[in-house]
Amino acid sequence: MPASSGFATVFLYCALAVFTVPTHADDWYQVEVVLFAYTEPDAGGELWYENPGLPARRQTIGLIMETVEPLPGVTPDPSQEDDLMPYLALPKQNYRLAGVRRVMASSREYRHLLHVAWQQPGLDARNVRAVRLDNTRFERKAAEQVEVEPEPGQVRDEPEYTPPIKIFDGTVKLRKSRFLHLDVDFAYFPDVLQQPDLEMPAQSAGHRRFPADYVRLTESRRIKPDDLNYFDHPLFGLVVEVSKIVSADDAD
C-alpha cells in the first residue's frame, strides 16, 4: 500500500473515532446502492437552467475500501469488533441486489453507474455521517488495484495522468430516530445534457440564464428495513435497500 494511502486510512480511522461512537448496543445495517442512468431519457419537455450546485461535503465520510476482505459469513458476528467496523465497504458476495443489477444489465434502457454496499450503525441525525459516493474515487481505487509491479531491473513506466471524468457525485445518509430515514443527494453529469430548442431569455439587469452541465436529485424519506427504495430523476435514479444485519438485542 502506498504511503499516501496508508496515511489516508489512518486519517479515516481517526475521523471515525471523532465523528461516530458506535457500540454493540446499536442496531447495525447493510446499506446497498445501485445507481443507474437512463440511456434514452424522457425528460417530458423539462429544461435545466443553471448548475444546481454539488452535494455538500461537510459532515460526510468516504467508505473504507482498503480493508475489504470476505467476511466469515453474510451476517457479521456482533462479538467480532472487526466485523462491525463502521462504513466498511462489503464484498460482492454480501450483495443483496444482484438480481436488480442483472435486470438492468440485460436491458438497453439503463446504463449502470455504481453498485456498492457497506455496513454502519443506526445513529441519530446528530451523530451519523453521510456516505459520499464519487465515481472519481472509485476509479482511482480500481486503478491502484490493477497496477502491476515491474520486474526486477525494469523501470516502471509512468503513464501520463489523466484525471477521471466526473460522472456522479452524491451522498447517502441513513439516520435513525424512532424510525429509519434515508437522505439521498446526487449530482449526475451526462455526456451531453440534451436540451433541444433551449432558448436563453434575457433577465433583468442584463443577466442571462445558461444551460446546466449537470442535474441533481435530492430526496428524504422514511423507510422500512428490507424494502426496495427507488429514487427517480428523468435522467438517472437509484435503488437502495437497507437491511438489518445486527440487532442491539443480539449484542447484549
Side-chain angles (χ1 to χ4, degrees), residues 4-23 26-35 37 48-68 84-90 113-141 163-190 212-223 229 231-233 235-242:
S4 58
S5 177
F7 175 80
T9 302
V10 171
F11 179 82
L12 181 57
Y13 286 136
C14 293
L16 284 169
V18 172
F19 290 146
T20 62
V21 189
T23 71
D26 297 312
D27 291 330
W28 282 69
Y29 298 89
Q30 172 169 320
V31 183
E32 189 165 351
V33 175
V34 176
L35 177 66
W48 289 277
Y49 290 101
E50 308 294 347
N51 289 331
L54 297 177
R57 297 191 181 190
R58 183 173 177 268
Q59 294 188 330
T60 64
I61 194 165
L63 294 177
I64 300 175
M65 309 292 292
E66 291 81 359
T67 58
V68 173
L84 290 177
M85 185 181 300
Y87 305 107
L88 173 68
L90 297 174
L113 299 178
L114 177 69
H115 188 180
V116 67
W118 66 90
Q119 61 187 27
Q120 68 170 87
L123 301 175
D124 59 29
R126 181 177 180 179
N127 291 307
V128 75
R129 290 297 177 266
V131 171
R132 186 161 185 232
L133 302 173
D134 178 345
N135 74 283
T136 59
R137 180 171 187 264
F138 284 93
E139 290 177 22
R140 286 195 299 269
K141 179 54 59 181
I165 297 174
K166 179 80 76 174
I167 301 175
F168 61 84
D169 188 347
T171 61
V172 175
K173 180 193 290 185
L174 174 69
R175 50 190 171 87
K176 183 179 180 182
S177 52
R178 182 179 178 186
F179 302 101
L180 285 177
H181 295 265
L182 197 64
D183 307 326
V184 300
D185 189 355
F186 268 83
Y188 169 56
F189 299 73
D213 299 312
Y214 59 91
V215 293
R216 187 171 174 182
L217 168 63
T218 304
E219 186 176 341
S220 299
R221 68 172 66 157
R222 175 181 160 185
I223 65 168
N229 300 276
F231 298 86
D232 202 29
H233 183 279
L235 303 186
F236 73 106
L238 301 88
V239 181
V240 185
E241 183 184 70
V242 177

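Since this is a predicted model, take the numbers as computed values, not measurements.
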Peer 1: Residues two or more places apart in sequence or in another chain: which of them pass side-chain contact (heavy atoms from CB on, under 4.5 Å) with Asp213?
Peer 2: Asn51
Peer 1: Side chains of Asp185 and Thr171: do they bring a donor and an acceptor to under 3.5 Å?
Peer 2: no
Peer 1: Tell me every residue that passes side-chain contact (heavy atoms from CB on, under 4.5 Å) with Glu32, counting only those two or more places apart in sequence or in another chain.
Peer 2: Gln30, Tyr95, Arg96, Leu97, His115, Ala117
Peer 1: Does the side chain of Arg221 reach to within under 4.5 Å of the side chain of His181, using non-hydrogen atoms?
Peer 2: no
Peer 1: Just verifying a value: how many Å separate Phe186 CZ and Phe168 CZ, rounded to the nearest 0.5 Å?
Peer 2: 7.0 Å
Peer 1: Are any of the side-chain heavy atoms of Leu182 and Val240 separated by less than 4.5 Å?
Peer 2: yes
Peer 1: Are the side chains of Leu88 and Leu63 in contact, using a 4.5 Å heavy-atom criterion?
Peer 2: no
Peer 1: If you take all heavy atoms of Pro52 and Arg216, which pair is closest and at what distance?
Peer 2: O-NH1, 3.3 Å
Peer 1: Any side-chain heavy-atom pair from Trp28 and Pro86 closer than 4.5 angstrom?
Peer 2: yes
Peer 1: Show, in sequence, the C-alpha distance, side-chain angles and deciding distance for Leu133 and Val172, and conclude whether the side-chain contact (heavy atoms from CB on, under 4.5 Å) test is met.
Peer 2: CA-CA 8 Å; Leu133 302 173; Val172 175; 4.1 Å; yes
Peer 1: For Arg58, which residues count as a side-chain contact (heavy atoms from CB on, under 4.5 Å) partner, sequence neighbours excluded?
Peer 2: none
Peer 1: Under the criterion side-chain hydrogen bond (donor to acceptor under 3.5 Å, both in side chains), which of Asp26, Asp27, Asp124 is the partner of Lys176?
Peer 2: Asp27
Peer 1: Would you check, one step at a time, whether the test side-chain contact (heavy atoms from CB on, under 4.5 Å) holds for Arg222 with Leu180?
Peer 2: CA-CA 6 Å; Arg222 175 181 160 185; Leu180 285 177; over 6 Å; no
Peer 1: For the side chain of Arg175 and the backbone of Leu123, is there at least one donor-acceptor N/O pair under 3.5 Å apart?
Peer 2: no
Peer 1: For Phe231, enumerate each residue passing the ring pair (Phe, Tyr, Trp, His ring centres under 6.0 Å) test, keeping only those at least two apart in sequence or located in another chain.
Peer 2: none
Peer 1: Just wondering, do Val239 and Val33 contact through their side chains at under 4.5 Å, heavy atoms?
Peer 2: no
Peer 1: Is there a side-chain contact (heavy atoms from CB on, under 4.5 Å) between Lys166 and Tyr214 once you walk through the steps?
Peer 2: CA-CA 10 Å; Lys166 179 80 76 174; Tyr214 59 91; over 6 Å; no
Peer 1: As a quick check of understanding, evaluate side-chain contact (heavy atoms from CB on, under 4.5 Å) for Leu113 and Ile167, giving each step before the final call.
Peer 2: CA-CA 8 Å; Leu113 299 178; Ile167 301 175; 3.9 Å; yes
Peer 1: Applying ring pair (Phe, Tyr, Trp, His ring centres under 6.0 Å), name anything that partners Phe236, two or more places apart in sequence or on another chain.
Peer 2: Tyr188, His233
Peer 1: Hey, does the side chain of Asp169 reach the backbone of Asp134 with a donor-acceptor pair shorter than 3.5 angstrom?
Peer 2: no
Peer 1: I need the Trp48 CH2 to Leu235 CG distance, nearest 0.5 Å.
Peer 2: 4.0 Å
Peer 1: Any non-hydrogen side-chain atom of Leu174 less than 4.5 Å from a side-chain atom of Ile223?
Peer 2: yes
Peer 1: Using the test side-chain contact (heavy atoms from CB on, under 4.5 Å), find all partners of Asp232 that sit at least two apart in sequence or belong to another chain.
Peer 2: Tyr38
Peer 1: Nearest 0.5 Å, what's the CD-CE distance between Gln119 and Met85?
Peer 2: 8.0 Å
